[in-house]
Every structure is written in structure tokens, then in C-alpha cells.
Amino acid sequence: APSTPYLIIPSYLLVYNLWSQNYVSPPTVRIIHSGHACNVEEERHTERVYTIREGETLELTCLVTGHPRPQIRWTKTAGSVSDRFQDSSVFNDTLHIAKILRNQGGRYYCKAENGLGSPAIKSIRVDVYCKFRYFLSVWSELQGETKILKLKNLRPQDYANYSCIASVRNVCGIPDRSVIFGLTNKTASPSIKLLVEDPIVVNPGQTVSLVCITTGGEPTPTLTWVSTNDSLPQRSVVKGGTLTLPAITSDEAGVYSCVASNNVGNPAKKSTTIVVRGRKITQLSTTPPEELTFSWLKNGRSLRSSERMVITQTDPDISPGTTNLDIIDLKFTDFGTYTCVAALKGGGIPEISIDVNISSTTVPPSLTVPRGKSPLVAREGDTVELECLVSGKPKPIILWSRADKEAPMPDGSMQMESYDGVLRIVNVSREMTGSYRCQTSQYNGFNVKPREAVVELIVQYPPTVEPVHMEVRQGLGRPVVMTCRVLRAHPSRVLRFEWLLSNRLLHAGAFDPHKDETEYTIRSLNREGWGEYTCNVINEAGAGKCTFQVTGKAYPPEFYYDTYSPLWQNRPRVYGFKLQWTQMNPGAVDRIVAYRLGIRQVGLQRWWEQEIPVGDTIGKGELMTHNLTELIKPESYEVRLTPITRFGEGDSTIRIITYSAPINPHLREFHCSFEEEAICMFTQDKNDDFDWTRHSAATRDTKYTPNTGPGADRAGSKQGFYMYIETSRPRKEGDQARLVSPFFNIALKNSYGLTNPSAYCFGFFYHMYGKHIGTLNAFLKQKGQVTLEAPVWSLSGNQGDRWKQAKVSIHPTTSFQIVLEGIRGPGIEGDIAIDDITLEEGECRDPPANALSTSSHIWLLCTTLVLTLLEGQR
């Protein structure tokens with residue numbers, strides 16, 4: 001008898017190249033979402049808008065293709081304002097925003113780029129609508145926007161009713177809101193008047209009443225009170241325009257404002273200050289200057305202003321609430337003790353006084369910079385002391401500040417004090433270069449007019465260079481050029497440079513004053529030439545350093561994620577995976593001789609490794625394939641791939657392989673009876689009107705609709721489960737519910753290059769009983785298909801109280817899904833049920849009659865004959 005030929009596939013894994021041409025492709029992108037979307041028409045343009053309620057979670061997924069794997073970035077614009085995300089998901093495939101707010105609505109963009117061609121960009125508009133019912137005032141605030149209507153040069157015909165309409169253009173049925181504003185010849189912006197003094201000085205415990213009245217405005221303005229203390233005191237009482245503060249305390253002192261608004265023009269505002277007397281001296285600083293009285297004494301006797309003794313309270317060099325005594329042409333008879341006395345009008349607190357002694361030893365202050373202390377030159381990182389010599393008796397405090405620009409001092413404040421005239425700066429930096437002002441402050445009231453001087457500080461720092469660190473990958477025998485560039489330095493004249501390899505001096509010399517860079521060249525790289533090269537660029541302040549890591553490490557491989565049907569299973573408990581990748585910049589280093597493959601089960605520590613030899617030189621973009629077998633279902637695996645050259649191991653790349661049933665290129669049979677809650681990985685379509693329901697007669701609600709729906713599953717069991725559509729209220733006629741199968745992959749080409757017939761028999765049982773039965777449709781949805789085409793099977797109307805079987809042959813050309821659609825009829829007695837879904841390879845043999853005719857195709861595949869002929873050719 002003739003022997004039947006067969007093919008043995010070894011259990012170890014092989015590497016083989018599928019294509020020798022460059023396998024790179026620019027990115028493409030598509031955005032999908034879970035939730036409700038509505039078509040919105042604006043100015044003759046219709047777009048799909050994703051709507052979400054405030055407080056819910058937004059999830060947008062960016063589906064990308066392209067190789068190398070594109071990098072993804074999410075951005076968002078709302079009008080002309082760009083938001084910067086704080087969430088790390090901005091760089092992930094899926095953008096996740098929990099508890100979304102109204103101001104986070106807008107247009108979201110997914111940008112994918114991999115360096116090939118132009119970036120791929122897709123966008124989707126997201127409308128966030130209010131969680132609660134909202135209302136509109138005349139100037140309504142909707143999603144953070146205030147709209148104002150301005151009318152100039154009013155004419156009589158402008159007097160009319162104006163409507164402000166807030167609209168989301170009926171997205172998802174949200175109605176418009178509007179408010180009407182009547183404009184007449186009497187319409188006017190508000191004006192008010194305060195019937196109180198300013199300021200109001202009171203004692204603690206008093207009751208204070210502030211009265212505000214309107215003096216104009218149409219419509220009648222609304223009066224409100226606000227305070228500088230964030231909110232009004234808890235015990236305050238507001239009645240109309242009157243604010244009452246009972247038993248006032250010092251904590252309630254401050255500025256109180258009456259605000260009038262009628263949505264015409266700008267609101268009117270009037271303010272008054274309440275001063276509460278107290279016993280703490282520090283409260284004098286908050287007392288209005290006009291409430292203070294000052295007097296001067298000399299040796300205990302009252303002193304009046306004269307030509308030589310000038311007493312002022314309006315000196316522009318003096319801060320408000322102070323007084324000044326100028327003694328002109330000081331004489332011996334003027335020596336003595338001068339006393340300044342401050343008091344509050346009406347009493348309430350004790351008088352405050354301060355003494356200033358003037359004697360023969362009193363010397364007006366002077367301020368100078370010591371010789372050689374300006375300009376002061378220091379190096380970055382040093383500790384410097386800026387010095388001003390101060391003399392006089394009594395000796396004043398010195399205040400230091402920046403004289404050349406409005407900038408803080410080293411401690412972060414705008415001014416620093418010094419008692420000895422020295423400003424000490426630790427760890428000085430280049431940003432501290434500039435002019436510093438030293439000036440006298442008033443000391444015990446004596447000589448309030450400052451003296452000042454300026455000190456220049458120059459901070460020298462080493463050259464700033466680029467690159468600070470750079471990796472150079474190169475193969476043996478090839479040239480390497482390294483360039484170190486000077487960006488800035490102080491002093492700017494660079495003295496010399498030196499090149500080192502692992503602290504061994506290679507080359508040194510003087511820096512060319514006409515150039516800003518130095519270069520070092522390796523004509524032919526050898527093994528001893530790999531390592532870290534350092535270029536030191538040196539000036540008087542120190543050295544700037546460029547570092548170059550010269551290595552023969554190969555770049556990482558780039559996994560190919562768009563493999564067609566990468567996963568297969570030919571035994572019940574194991575599966576296989578087609579791993580594909582290209583090599584990044586394969587010609588940059590020596591030829592890759594092998595790859596080290598590491599694989600481990602997710603969650604475990606141990607790696608299994610093997611080397612995959614590479615025979616020929618790898619081309620740029622060349623796609624390589626390695627079959628992984630004996631993977632245990634349903635475990636996921638972490639795969640690590642490392643290129644190897646004469647240098648050694650290069651950079652690794654890691655990816656996760658996840659098992660997803662029932663993806664199976666060699667599909668023989670699929671059966672689902674919905675007995676498990678996972679419902680065989682079927683999913684509910686997110687863009688339909690309602691969902692299918694998993695149900696059994698044993699758990700049916702006693703209030704179910706009679707005269708429709710099955711009394712048991714297809715096998716006659718009341719405990720068995722099935723899927724059905726519930727057509728009771730609030731469902732209405734024409735509502736659709738779609739149930740989507742998992743993806744199924746069609747068979748691959750066989751070993752002899754013959755294409756297997758891509759025919760499958762899709763079968764299911766249906767129950768369509770009731771006088772209001774609508775329609776049941778079955779669709780074939782292939783990979784990449786956005787919208788559903790005509791159904792492959794369809795049936796409408798009452799079919800009686802029994803289960804019937806439907807079969808239809810389908811002929812997919814790529815991975816596909818089955819979609820079952822139930823459409824609600826004119827009434828509540830229209831429940832449609834399905835059960836026992838099957839999918840088998842090959843044409844349906846005896847398909848039951850159904851509403852749609854389906855053409856049958858008979859594929860004759862004489863595999864045995866072909867194999868016999870091939871065997872005979874041997």
C-alpha cells in the first residue's frame with residue numbers, strides 16, 4: 001500500500017526570515033470609546049460627539065498600527081486653551097480621567113508617530129453635561145463661560161427684549177435654556193451710597209451697623225455685603241442693605257464692602273474700614289494714620305515746630321502714620337533727650353513714647369565701600385562677603401538689596417539686614433552676579449533718611465559645554481568623531497582642553513580663540529577603543545566636562561505588534577505565538593550574530609533562555625519571526641529579546657504575550673450555550689440603545705410579560721440559560737440591542753501554499769413568540785470594518801412559541817466577529833431569545849430556510865491527491 005506522506009515539526013523553536021525587504025510602515029490611528037455618542041450638526045457640518053455625565057469616568061482608547069511601534073501622546077484643546085495633563089495616562093494607549101468635570105470637556109487628540117512620514121492624528125469631541133439640573137441668570141455661567149452683550153450708541157429701536165440662550169445643540173436630548181432681558185429707556189447701571197463714616201473706630205463689644213442704599217439703577221439692583229476676611233462673621237446679620245455686627249471683636253476688624261448688581265454694566269461697590277481699639281501695641285500698625293496724634297518733647301518739655309526745629313508728618317521719605325523732627329544747624333544748646341509721644345484720638349489705649357538722645361558724641365552716619373571690595377570677584381561655589389563700612393553714633397542697621405534688578409536676595413527675601421555692614425553669601429552661583437545696594441535704616445528714630453552705597457559682585461564659573469553625556473555606538477574598524485562645544489563661560493576666554501580615555505590622557509592643547517569647540521577623532525575603532533571618553537574644557541574658574549560612551553552595543557530590537565493571526569492553538573491546554581520583530585539601526589554596529597531569547601510566565605521569577613542564531617546580515621526594517629510553542633493556557637508570558645554582536649549583548653526589549661480565547665487560526669468548532677456568566681466572551685455593543693439579558697426560566701420575575709418569550713432554554717431546561725431582549729418599558733419601537741462575539745481568525749496558508757477554504761457555518765437557535773415581535777438580524781463584521789453591512793441572516797414577526805434553528809454559511813477574508821441584533825417591535829409582547837450558538841469550519845450542509853437567501857459554495861480540496869503527487873515527485 002502506498003505510504004501517506006506527513007510533515008514532522010520539531011518541538012524546538014526556529015527563526016526564519018519571512019521578508020527580505022524593508023518592513024516599516026507609517027502610523028495610523030483610530031479612537032474608540034465606551035459610552036454614548038450623538039451626531040451633532042453645526043453650520044452644515046455633522047460630527048460624532050461623545051457625551052458623558054459630570055463625575056463619570058472618561059476612557060478613550062487610541063488604536064494604532066505602524067512599525068516601529070508608534071509613540072502615543074494625548075492632548076486636549078478647549079477653544080484656544082491647551083490643557084496639560086497631570087495624569088501619566090497621557091502617554092498610554094488609553095486615556096483615563098476619573099470623575100470628569102465640566103471644564104474638562106473639549107476636543108481630545110491622539111497623536112501617534114514613529115519617525116516615518118507625518119504623525120497620525122485623530123480627534124474626538126467630548127461634551128460633559130451637568131450632573132444636576134442647572135438654571136440661568138441673565139449673565140449665565142455655563143461650563144465656565146460668561147457671555148456679555150454690549151450695546152454702543154443706543155438708538156430708540158434698540159429698546160427691546162433680548163434673549164440669552166445656552167445650548168449644547170440638543171446633544172443627547174439636553175434642551176436649550178434661555179432667559180429674557182428687557183432693555184428700556186429707563187435701564188441703567190447701579191449706583192449706591194454708604195450712610196456711614198470711613199473709617200469707623202469702635203471699642204470691642206460694641207454693635208456696629210453699616211447701612212447701604214441704592215441711589216440709581218434699573219432693574220432694581222440687588223445688594224450684597226462682602227468682607228476682606230473671606231466671609232462675613234458668623235454672628236453678622238444682613239437685612240436688605242443693612243449689615244449688623246453685634247458685640248464686635250478685634251478679629252472682625254477689616255474692610256467691608258457693599259456691592260450692587262443688576263446685570264447692567266459693572267457692579268457698584270462702596271467700602272468702609274472698621275477699626276477695633278485694643279490694648280496691644282502691635283495694633284497701632286493697623287490704625288489709620290488720621291486717627292493718630294503726635295507730640296514732641298525736649299527734656300520733658302513740649303516742643304513746637306520752628307525754623308530750626310521742623311516737625312513734619314508729611315515727609316515723602318517717611319511712611320504714613322509717622323512723624324519726623326529735623327534739627328537744622330545742630331548747636332551745643334540742642335543736646336538733650338527728645339521724646340516722641342503717640343496717642344489715639346478719643347483715648348482707649350495708653351500713650352506710647354520713644355526717646356532719642358543727642359549729645360556731643362552723636363555722629364551722623366556715613367557709608368562707604370572699603371578699597372578693593374568692589375568689584376568683588378569670586379568663583380561659583382565660594383563663600384563671599386560683601387562689605388560696607390558704616391560709622392556714626394548711634395550705629396544704624398544696614399539693609400542689603402539688589403540694585404541692578406528687581407530680584408530676591410540669596411535667602412529668598414527682597415531685603416537682608418546686617419548689623420556690621422557685611423553681607424555673607426554661601427555657595428555663590430552665577431545668577432548672583434550683579435550690583436548690591438547697602439543702605440542705612442532708621443535706628444531708634446535717629447536719622448531716618450538713608451545713606452547708601454553699591455557693591456559689584458562678579459561670579460566666575462567653569463565653561464558650560466555640550467553634550468554633557470552622549471552614547472556613541474560603532475562597529476570595529478570604523479571611524480569615530482567626538483565634538484565638545486562650549487556654550488558659555490566666565491571669564492569667557494578658555495585656556496586649554498584635554499581628552500582622556502578612562503583617565504588616560506590622549507590629547508591636550510590650547511583652545512583656539514576663534515572656535516567654540518574641540519574635536520577628537522578615532523580613525524579605526526578597535527577593541528581597546530571602547531570605553532568612556534572625557535573632554536575637559538578649562539578656564540580660570542574650573543573645567544566643564546563632555547562625556548562620550550563609545551560602545552559596540554547593538555540597539556534594541558523592535559517588536560512587531562501588527563502580526564496577522566499571531567496566536568494559534570492545536571492542543572487543548574497549550575497555545576503558540578508567532579513572535580515578530582525588526583532590528584533598530586542594524587548597521588550602526590557590528591553584525592548581529594544571534595539573539596538571546598528569555599521567556600517567563602507572568603508572576604514567576606525564573607527566566608528560560610535560549611540563543612537564536614542569525615545567519616545573514618540583517619537589513620534595516622527586515623522582519624524576523626520566531627515561533628513560541630508549549631505556552632500554557634490561559635497564562636501570559638513576558639518575553640525578552642537581546643541582540644548579540646562581537647562586542648557582547650546589546651539593549652534588550654520586553655513585551656507581554658497575553659492569551660485571548662477563542663482566537664484560533666485553526667478553528668474547528670465553537671459552541672456557546674450561555675451557561676456561564678462570562679457568556680463565552682460575547683460583549684454588549686456600547687453604541688446601541690439597550691442590552692441583551694442573560695436569563696433562565698427558573699429565575700424569571702413573577703411580573704414578566706405574558707404571551708411572549710420562552711418558558712425554558714433550547715434544551716427544555718428551566719434551569720438553563722439563554723440570552724433575550726426585554727421589550728417592556730422604557731423600550732420603544734425601533735430600539736436596537738446588539739451582542740458581539742469575540743474575534744475569530746481564519747485559517748492560515750498551509751505548508752504547500754494552498755489556501756484553505758474560508759467558509760464557516762454559523763448556527764444558532766432563536767425563539768420569536770409574541771404579537772409584537774420585531775426583527776432579529778445576524779451580521780458578519782470583519783477586522784477593520786467600521787460600520788455593519790447588510791445582514792447575512794434576518795427574520796421578522798411572530799414565529800410561534802417554540803425554539804427554531806438557523807444556519808448560514810459565511811466567507812470571511814480576515815479575522816471576524818458575529819453580531820446578533822434584536823430590534824424592538826411595536827409593543828411589549830415582543831421578547832426575542834437566542835441560545836446554543838455554534839461556529840464550524842466549512843459550509844453549512846443543510847441550512848434551514850430563513851428570510852435571506854445565502855449562496856452556497858462548494859470547495860473541493862484534494863489534500864490527499866496533492867500530497868500523493870508531491871510524494872511521487874520525490
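Residues take their numbers from the sequence shown, with the count starting at 1. Quick caveat, the model's predicted, so the values are computed rather than measured.
Closest approach of Pro68 and Leu116 over heavy atoms only: CD-CD1, 4.1 Å. Residue Met584 comes nearest to Tyr555 through the heavy atom pair O-CB, 3.3 Å, listed as atom of the first residue, atom of the second, then distance. Here the closest heavy-atom approach between residue Ile592 and residue Pro643 is recorded as CD1-CB, 4.0 Å. For Ser696 against Gly720, the heavy-atom pair with the smallest separation is CB-O, 3.1 Å. Across all non-hydrogen atoms, the minimal contact from Ile834 to Leu820 is CD1-CD1, 3.5 Å. Contact between Arg53 and Ile100 at its shortest, heavy atoms only, is O-CG2, 3.9 Å.
Interatomic distance, Ile121 CD1 to Cys110 SG, rounded to the nearest 0.5 Å: 9.0 Å. Here the CG-CG distance, from Asn627 to Leu579, works out to 9.0 Å after rounding to the nearest 0.5 Å. Interatomic distance, CG of Leu788 versus CG of Asn777, reported as 9.5 Å (0.5 Å rounding). Rounding to the nearest 0.5 Å places NE2 of His671 at 12.0 Å from CG of Leu839. Put simply, CG on Asp713 and NE2 on His695 are 12.0 Å apart, with the number rounded to the nearest 0.5 Å. Here Ile599 contributes atom CD1 and Ile657 contributes atom CD1; the two are 5.5 Å apart, rounded to the nearest 0.5 Å.
Taking the side-chain hydrogen bond (donor to acceptor under 3.5 Å, both in side chains) definition, one finds that Thr642 meets it with Ser652, sequence neighbours left out. For Gln782, the side-chain hydrogen bond (donor to acceptor under 3.5 Å, both in side chains) partners at least two apart in sequence or on another chain are Thr813. Considering only residues two or more places apart in sequence or on other chains, Arg600 meets the salt bridge (Lys or Arg N to Asp or Glu O under 4.0 Å) condition with Glu638. Every residue was checked against the side-chain hydrogen bond (donor to acceptor under 3.5 Å, both in side chains) condition with Gln785, not counting sequence neighbours, and none meets it. Contacts of Arg473 classified as side-chain hydrogen bond (donor to acceptor under 3.5 Å, both in side chains), with partners at least two apart in sequence or in another chain: Glu471, Asp651.
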- Verify side-chain contact (heavy atoms from CB on, under 4.5 Å) between Ile832 and Tyr724, making sure each step is shown before the conclusion. CA-CA 5 Å; Ile832 298 175; Tyr724 86 107; over 6 Å; no

- Item | Test ring pair (Phe, Tyr, Trp, His ring centres under 6.0 Å) applied to Trp793 and Phe779, step by step | CA-CA 7 Å; Trp793 185 95; Phe779 297 90; over 10 Å; no

- Task: Please lay out, stage by stage, how Lys99 and Glu54 fare under the test salt bridge (Lys or Arg N to Asp or Glu O under 4.0 Å).
- Result: CA-CA 7 Å; Lys99 298 181 180 178; Glu54 185 178 22; over 6 Å; no

- Message: Please determine whether side-chain contact (heavy atoms from CB on, under 4.5 Å) holds for the pair Thr551 and Val472, giving the CA-CA distance in whole Å, both sets of side-chain angles, and the decisive distance to 0.1 Å.
- Response: CA-CA 6 Å; Thr551 175; Val472 180; over 6 Å; no

- Message: Could you go through Val126 and Ile52, starting from their C-alpha distance and side-chain angles, then the distance that decides it, and tell me whether this counts as side-chain contact (heavy atoms from CB on, under 4.5 Å)?
- Response: CA-CA 7 Å; Val126 176; Ile52 185 171; 4.0 Å; yes

- Query: After noting the C-alpha distance and the side-chain angles of Glu609 and Arg640, does the key distance pass the side-chain contact (heavy atoms from CB on, under 4.5 Å) rule?
  - Reply: CA-CA 9 Å; Glu609 291 189 339; Arg640 181 178 63 201; 2.6 Å; yes

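Ile810 places a side-chain heavy atom less than 4.5 Å from the side chain of Ile818. Residues Thr658 and Phe577 form no side-chain contact, since every pair of their non-hydrogen atoms from C-beta on lies 4.5 Å or further apart. Two residues are said to be in side-chain contact when any heavy atoms from C-beta on lie closer than 4.5 Å; Ile837 and Phe682 meet this criterion. No side-chain heavy atom of Ile823 sits less than 4.5 Å from a side-chain heavy atom of Asp735. In this structure, the side chains of Pro566 and Gln580 stay at 4.5 Å or more apart for every pair of heavy atoms. Residues Arg30 and Lys122 are not in side-chain contact: their nearest non-hydrogen atoms beyond the backbone lie 4.5 Å or more apart. Between Thr625 and Trp581, the closest side-chain pair of non-hydrogen atoms is not below 4.5 Å. Looking at Leu780 and Phe816, their side chains come closer than 4.5 Å, going by heavy atoms from C-beta outward.
Side chains of Tyr575 and Glu635: no donor on one and acceptor on the other come within 3.5 Å. Defined by atom type and a distance below 3.5 Å, a donor-acceptor pair is missing between the side-chain atoms of Thr51 and Asp127. His96 and Thr57 are not linked by any side-chain donor-acceptor pair at a separation below 3.5 angstrom, with hydrogens and angles left out of the test. Between the side chains of Ser728 and Glu726, a donor-acceptor pair is found at a separation under 3.5 Å. Between the side chains of Gln817 and Ser741, no donor N or O sits under 3.5 Å from an acceptor N or O.
Under a 3.5 Å cut-off, the side chain of Asp831 and the backbone N or O of Thr727 do form a donor-acceptor pair. Side-chain atoms of Gln71 never come within 3.5 Å of backbone atoms of Asn114 as a donor-acceptor pair (strictly under, hydrogens ignored). For Trp692 (side chain) and Ala737 (main-chain N/O), a donor-acceptor pair under 3.5 Å exists by modelled atom type. Proximity of a side-chain donor or acceptor of Lys620 to a complementary backbone N or O of Gln583 within less than 3.5 Å is not detected. Under the 3.5 Å distance criterion, the side-chain polar atoms of Thr629 are left unmatched by any main-chain donor or acceptor of Gly576. Side chain of Tyr766 to main chain of Leu795: no donor-acceptor pair is present (N/O by atom type, distance under 3.5 Å, no hydrogens or angles).
Shown here is Ile654, whose CD1 atom has more than 12 heavy atoms of other residues, nucleotides or ligands within 6.0 Å.
Aromatic pair Tyr760/Phe762: centroids not less than 6.0 angstrom apart.
Figure legend: cation-pi geometry between Arg69 and Tyr561, with NZ or CZ positioned under 6.0 Å from the six-membered ring centre and within 45° of its axis. For the pair Arg606 and Trp608, the cation-pi criterion (under 6.0 Å, within 45° of the ring axis) is fulfilled.
Residue pairs meeting the salt bridge (Lys or Arg N to Asp or Glu O under 4.0 Å) criterion with at least one member in residues 811-825, sequence neighbours excluded, are Arg738-Glu821.
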